[in-house]
Amino acid sequence: MVTAKAWVLKKHFEGFPKTSDFDLKKIELPNLKDGELLLESVFLSVDPYMRPYSQRDMKEGDIMIGTQVARIIESKNPAFTVGAFVVARSGWRTHAISDGKDLQRLPSSWPESLPKSLALGTVGMPGLTAYFGLLEVCKVKPGETVLVNAAAGAVGSVVGQLAKIGGCKVVGSAGSDDKVAYLKKIGFDEAFNYKTVTSLDEALRKASPDGYDCFFDNVGGEFASIAINQMKKYGRIAVCGAISQYNDSMPQKGPYVQVPMIFKELQMEGFIVTRWNNRWEEGLKALLKWVVEGKVKYHEQVTEGFENMPTAFIGMLKGENLGKAIVKV
Ligand SMILES: NC(=O)C1=CN([C@@H]2O[C@H](COP(=O)(O)OP(=O)(O)OC[C@H]3O[C@@H](n4cnc5c(N)ncnc54)[C@H](OP(=O)(O)O)[C@@H]3O)[C@@H](O)[C@H]2O)C=CC1
Ligand SMILES: O=C(O)CCC[C@H](O)\C=C/C=C/C=C/C(=O)C/C=C\CCCCCO
């Protein structure tokens, strides 16, 4: 018998999550049935979506939702061999039993030297979000100017680098000087710390006096309300996330977007990366190739220890991560 550890949502979040909102439980797992396999989490992801989704999709006492890179440690499923690694959606837990239906194998061309945790970030759901959001929603063209916020994060850092590969000028915003330095190191043309600029409007105008063709929005809120006024005519806004709003106890009341939308004849489209579920293999193959070629750089914020999952999650929401926030069991 294997005893799994799992983090459950003890109490729905009010504002920013607190460590006291979580409870660590032990779960005795039964023996495998035919067709089942036993997974041991190696790396777990903490993502912003967990904040709004927990409110919408979870009840108190549920195991926190989430994905992990897991090693198969026992198998009664001929399609999966012991020792293989998969991406699972088993939630915040050290061990899980799967029937193999909801597992993603790592691409067969995954180099031994490449950290498998990248399957949760640059070569995983966040990277795919950047890939499809940029190519299918922004539809960027060479020579255009792209703005991305939360640019030093899992999604934003890939957006900027893919836009550079696509021949664009790229402007990024992030919440620390270290993150701004990182953005310049990975090829952003302009980058600024939105927390310290005297005026966001001026910082955006200075970075691109002609404005922006595409705005890849990860943040929403006041940033988006200001940035929309600097879009070029016929610009496109990809609404990827609104992390500045996820922890609001009361909804923010911002300026309204209709006037700039009309006068600049803008397109604004929200999206969820699962829209392209049937093309994830295409995206992962492209992302892996760019990473192996060194054209897409990555950084991971690794927190050691399963017991530190809540801290890693809260830290990511507060901007303590540079690159993809990961927990190493
Ligand atoms: N639509 C989709 O399918 C998907 C959407 N997303 C969304 O993309 C966004 C980025 O996700 P991801 O890359 O995983 O996370 P990140 O790795 O970027 O981490 C979150 C970052 O958000 C920034 N942030 C937090 N609070 C604020 C705030 N109040 N104002 C401005 N920035 C803030 C912080 O960076 P900083 O230092 O810059 O403040 C923090 O590091 C999120 O909104 C997420 O919900 C992600 C995956 C899929
Ligand atoms: O296990 C699950 O079901 C979650 C799987 C997540 C997965 O890896 C795929 C998609 C992730 C999408 C993320 C989307 C965002 O981050 C956007 C977040 C929130 C938008 C507002 C949601 C409002 C809910 O009330």
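Read the numbers this way: they start at 1 and go in the same order the structure lists the ligands and their atoms. Reckoned from all heavy atoms, side chains included, excluding hydrogens, waters and symmetry mates. Small disclaimer: the values here were computed from a predicted structure and weren't measured.
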Return a yes/no value for [X]: is any of its N or O atoms, backbone included, closer than 3.5 angstrom to an N or O of ligand 1?
X: Lys179; result: yes
X: Ala154; result: yes
X: Val273; result: yes
X: Ser176; result: no
X: Ala174; result: no
X: Gly175; result: yes
X: Tyr194; result: yes

Have a look at ligand 1 and work out which part of [X], if any, has a heavy atom under 4.0 Å from it: side chain, backbone, both or neither.
X: Glu320; value: neither
X: Val155; value: both
X: Lys318; value: neither
X: Ala242; value: backbone
X: Asn149; value: neither

Note: heavy atom closest to atom 15 (O) of ligand 1, options Gly319, Pro48, Gly153, belongs to Pro48
Among Phe216, Tyr246, Tyr53, Tyr49, the residue with a heavy atom nearest to atom 45 (O) of ligand 1 is Tyr246
Dump the intermediate steps for salt bridge (charged side-chain N to carboxylate O under 4.0 Å, His left out) on Arg279 and Glu282, then the final yes or no. CA-CA 5 Å; Arg279 291 177 52 192; Glu282 164 206 324; 2.8 Å; yes
Which residue and non-hydrogen atom of the protein lie closest to [atom], and at what distance in Å?
atom: atom 19 (O) of ligand 1; value: Asn321 ND2, 3.3 Å
atom: atom 10 (C) of ligand 2; value: Val273 CG1, 3.9 Å
atom: atom 8 (O) of ligand 1; value: Asn218 OD1, 3.3 Å
atom: atom 4 (C) of ligand 1; value: Thr129 CG2, 3.7 Å
atom: atom 20 (C) of ligand 2; value: Tyr246 OH, 4.2 Å
atom: atom 23 (C) of ligand 2; value: Pro52 CB, 4.0 Å
atom: atom 25 (O) of ligand 2; value: Arg56 CD, 3.5 Å
atom: atom 12 (C) of ligand 2; value: Tyr53 OH, 3.9 Å
atom: atom 27 (C) of ligand 1; value: Ile243 CG2, 3.9 Å
atom: atom 4 (C) of ligand 2; value: Tyr49 CE1, 3.7 Å

* To do: Would you please test Leu204 and Asn229 for side chain to side chain contact (heavy atoms under 4.5 Å, CB included) and show each step?
  => CA-CA 10 Å; Leu204 288 167; Asn229 293 296; over 6 Å; no
Strictly below 4.0 Å, N to O, side chains only: are [X] and [Y] in salt-bridge contact?
X: Lys164; Y: Asp189; value: yes
X: Lys289; Y: Glu293; value: yes
X: Glu269; Y: Arg236; value: no
X: Glu320; Y: Lys318; value: no

Determine whether the aromatic ring centres of Phe313 and Trp92 lie less than 6.0 Å apart. yes
Check your understanding: Are Tyr246 and Phe13 close enough that their ring centers fall under 6.0 Å?
Key -> no
Please list, in number order, the atoms of ligand 1 under 4.0 Å from a heavy atom of [X].
X: Met316; answer: 19 (O), 20 (C), 40 (C), 41 (O)
X: Ser244; answer: 28 (C), 29 (N), 30 (N)
X: Gly241; answer: 7 (C), 43 (O)
X: Met125; answer: 47 (C), 48 (C)
X: Leu317; answer: 25 (C), 26 (N)

Whether [X] lies under 4.0 Å from ligand 1, heavy atom:
X: Gln245; answer: no
X: Lys324; answer: no
X: Ala325; answer: no
X: Cys240; answer: yes

Atom CG of Leu38 and atom CZ of Phe80: how far apart are they, to the nearest 0.5 Å?
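That separation rounds to 13.5 Å.
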Identify whether NZ of Lys or CZ of Arg in Lys10 sits under 6.0 Å from the centre of the six-membered ring of Phe22 and within 45° of that ring's axis. no
### Message
Taking the six-membered ring of Phe271 as reference, does the cationic atom of Arg275 (NZ for Lys, CZ for Arg) lie under 6.0 Å from its centre and within 45° of its axis?
### Response
no
_Within-cutoff protein neighbour (heavy atom, under 4.0 Å) for atom 2 (C) of ligand 2_ =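 Neighbour list for atom 2 (C) of ligand 2 includes protein heavy atoms (cut-off 4.0 Å).
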task: List the steps and the verdict of side chain to side chain contact (heavy atoms under 4.5 Å, CB included) for Phe223 and Leu200.
output: CA-CA 8 Å; Phe223 188 108; Leu200 177 55; 3.6 Å; yes
Look only at the side chain of Gln245 and the backbone of Pro251, and say whether a donor-acceptor pair between them is shorter than 3.5 Å. no
Could you walk me through whether Asp21 and Phe16 pass side chain to side chain contact (heavy atoms under 4.5 Å, CB included), step by step?
CA-CA 10 Å; Asp21 295 332; Phe16 266 97; over 6 Å; no
Could you go through the disulfide bond (SG atoms under 2.5 Å apart) check for Cys214 and Cys168 one step at a time? CA-CA 10 Å; Cys214 171; Cys168 298; over 6 Å; no
| request: Verify whether one side chain among Asp217 and Asn149 offers a donor that lies under 3.5 Å from an acceptor in the other. | output: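 There is such a pair between these side chains.
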With atoms numbered from 1 as shown, which atoms in ligand 2 lie under 4.0 angstrom from a non-hydrogen atom of Met125?
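Near Met125, meaning under 4.0 Å from one of its heavy atoms, ligand 2 has 8 (O), 9 (C), 11 (C).
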### Query
Which one of Lys169, Gln230, Met231 satisfies the side chain to side chain contact (heavy atoms under 4.5 Å, CB included) criterion with Thr145?
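Result for side chain to side chain contact (heavy atoms under 4.5 Å, CB included) with Thr145: Lys169.
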Exactly one of Leu118, Thr122, Asp47 clears side chain to side chain contact (heavy atoms under 4.5 Å, CB included) with Lys324, and that residue is Asp47
The side chain to side chain donor-acceptor pair (under 3.5 Å) partners of Glu300 (sequence neighbours excluded) come to Ser117
Just say parallel, tilted or perpendicular for the rings of Trp7 and Phe306, cut-offs at 30° and 60°.
->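 Answer is tilted, since the angle falls between 30° and 60°.
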Kindly confirm or rule out an N or O of Thr274 lying under 3.5 angstrom from an N or O of ligand 2.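 Min N/O separation from ligand 2 is not below 3.5 Å for Thr274.
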